[in-house]
Amino acid sequence: MRILVVEDEEGLAESLRRGLSADGHLVEVAHDGHRGLDLALAGGPYDVVLLDLMLPGLSGYEICARMRAHGDTTPVLVLTARDGEHDEAEGLDRGADDYLTKPFSFVVLAARIRALARRAGAPDRGTLQAGDLLLDPQGRRCRRGGRDIELTARELGVLACLMEQPGRAVAKQDILDEVWDTPHGIDPNIVEVYVSSLRKKVDAPFGRRSILTVHGTGYRMAPDGG
């Protein structure tokens, strides 16, 4: 992802730049409000903006408000040392998407960034189908052959990842990043546990084999449901 960090504490800004760059992101940094607004409006497009509230020149509140006034819908994650509920409310009212109070864990920050990017890029999920297997992610319902199948939230998320890309191999890490809120440090092999459970629920009782293993990669959903 391409990320803009607007933070006047140069030590923190550099730490964020290094950490996010190490995660594979392209990071640009501004240390004052005017430069931050210029980059946000003309230097993008960015996938996420990390925005401090108390900045020289222009406040984070004003930057966010001006971005929205210009029709810029880039997800904004506010970073601030202020923790009053009115400060948080004002930031959200000005158009921010999320709020994180300093000091914060980098693991939590990274998870929040991924969540914002997913929500921004995720289309409205309609009913997914593979053969006679139907999944409604929004309604949290799964059916096969006219029979309801009870799934946990995590099982539903894993199945949706596979059904959204029928016939294509989906890596375990990609499933982990999509379904787990904080995938950092989690062994991708945990996905095997949920796939095994799904097979027992959506395949075995119906004599099907629709969730296939792709050795060395992950799994794929047979387009016809197996």
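Side chains included, hydrogens not; waters and symmetry mates left out as well; all remaining heavy atoms used. Here, residue 1 is the first one in the sequence, and each next residue gets the next number.
Among all heavy-atom pairs drawn from V27 and S21, the shortest one is CG2-OG, 3.8 Å. Nearest heavy-atom pair, C64 versus A96, reported as atom, atom and distance to 0.1 Å: SG-N, 3.3 Å. Annotation for M67 and L41: closest pair CA-CD2, 4.0 Å, computed over non-hydrogen atoms. Taking every heavy atom of both residues into account, V170 and C161 meet most closely at CG2-O, 4.2 Å. Nearest heavy-atom pair, S197 versus E155, reported as atom, atom and distance to 0.1 Å: OG-OE2, 2.5 Å. K172 and V191 get closest at one heavy-atom pair: O-CG2, 3.7 Å.
L134 places none of its side-chain heavy atoms less than 4.5 Å from the side chain of L128. Here the side chains of R220 and L162 are not in contact, with every heavy-atom distance at 4.5 Å or above. Residues F206 and V202 have side chains not in contact (no heavy-atom distance under 4.5 Å, counting atoms from C-beta outward). Counting heavy atoms from C-beta on, the side chains of I63 and V49 never come closer than 4.5 Å. Within the 4.5 Å cutoff, the side chain of L39 has no heavy atoms near those of the V29 side chain. Counting heavy atoms from C-beta on, the side chains of L176 and I186 come closer than 4.5 Å. The side-chain heavy atoms of L156 and L135, taken from C-beta on, include a pair separated by under 4.5 Å. In this structure, E62 and S59 have side chains that are in contact, with non-hydrogen atoms separated by less than 4.5 Å.
Of the charged side-chain nitrogens involved, none lies within less than 4.0 Å of a carboxylate oxygen, so that R2 and D47 do not count as a salt-bridged pair. Between R17 and E28 there is no salt bridge, since no side-chain N of the basic residue sits under 4.0 Å from a carboxylate O of the acidic one.
Residue R141 qualifies as open at atom CZ: its count of foreign heavy atoms under 6.0 Å is 12 or below. Other residues, nucleotides and ligands contribute only 12 or fewer heavy atoms inside 6.0 Å of the CZ atom of R168.
A donor-acceptor contact shorter than 3.5 Å links the side chain of H25 to the backbone of M1. The closest donor-acceptor contact from the side chain of D97 to the backbone of L77 lies at 3.5 Å or more, if one exists at all. A side-chain donor-acceptor contact under 3.5 Å links S105 to the backbone of V107. Between the side chain of K201 and the backbone N or O of E150 there is at least one donor-acceptor pair closer than 3.5 Å. Using a distance-only test at 3.5 Å, with no hydrogens or angles considered, a donor-acceptor pair links the side chain of R68 to the main chain of D72.
Here the NE2-CD distance, from H31 to E7, works out to 9.0 Å after rounding to the nearest 0.5 Å. Atom CG of residue L12 and atom CG of residue D52 lie 8.0 Å apart, to the nearest 0.5 angstrom. Of the inter-residue distances, the one linking I113 atom CD1 with D23 atom CG reads 8.5 Å to the nearest 0.5 angstrom. Here M221 contributes atom CE and I211 contributes atom CD1; the two are 4.5 Å apart, rounded to the nearest 0.5 Å. Atom CG of L50 is separated from atom CG of D98 by 10.5 Å, given to the nearest 0.5 angstrom. Note that the OG1 atom of T74 and the CG atom of L4 stand 9.0 Å from one another [nearest 0.5 Å].
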Mind running side-chain contact (heavy atoms from CB on, under 4.5 Å) on R143 and L133 for me, showing each step along the way?
-> CA-CA 6 Å; R143 292 174 62 84; L133 178 64; over 6 Å; no
Taking it one step at a time, do I175 and D177 satisfy side-chain contact (heavy atoms from CB on, under 4.5 Å)?
-> CA-CA 5 Å; I175 296 173; D177 289 342; over 6 Å; no
Given the rule in the side-chain contact (heavy atoms from CB on, under 4.5 Å) test, do L79 and L109 qualify, once you have shown the distances and angles that lead to the verdict?
-> CA-CA 10 Å; L79 307 176; L109 172 68; 4.1 Å; yes
Does the side-chain contact (heavy atoms from CB on, under 4.5 Å) test come out yes or no for Y219 and L212, once each step is laid out?
-> CA-CA 6 Å; Y219 305 94; L212 309 179; over 6 Å; no
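Note that R114 lies outside the cation-pi zone of W180, set by a 6.0 Å cut-off to the ring centre and a 45° limit from the axis.
Judged by distance alone, the side chains of S210 and D203 do bring a donor and an acceptor atom under 3.5 Å apart.
Cluster membership for V193 and L151, using ILVMFWY side-chain heavy atoms within less than 4.5 angstrom, is shared. The hydrophobic cluster containing V108 also contains F106, counting ILVMFWY residues as joined when their side-chain heavy atoms lie under 4.5 angstrom apart, directly or transitively. Both F104 and I3 sit in one connected hydrophobic cluster of ILVMFWY residues. Membership requires side-chain heavy atoms under 4.5 Å apart, directly or through other members.
With sequence neighbours left out, the side chain to side chain donor-acceptor pair (under 3.5 Å) criterion links Q129 to no other residue. For R35, the side chain to side chain donor-acceptor pair (under 3.5 Å) test picks out no residue, with sequence neighbours left out. Looking at residues two or more places apart in sequence or on another chain, you find a side chain to side chain donor-acceptor pair (under 3.5 Å) between D132 and R144, R208.
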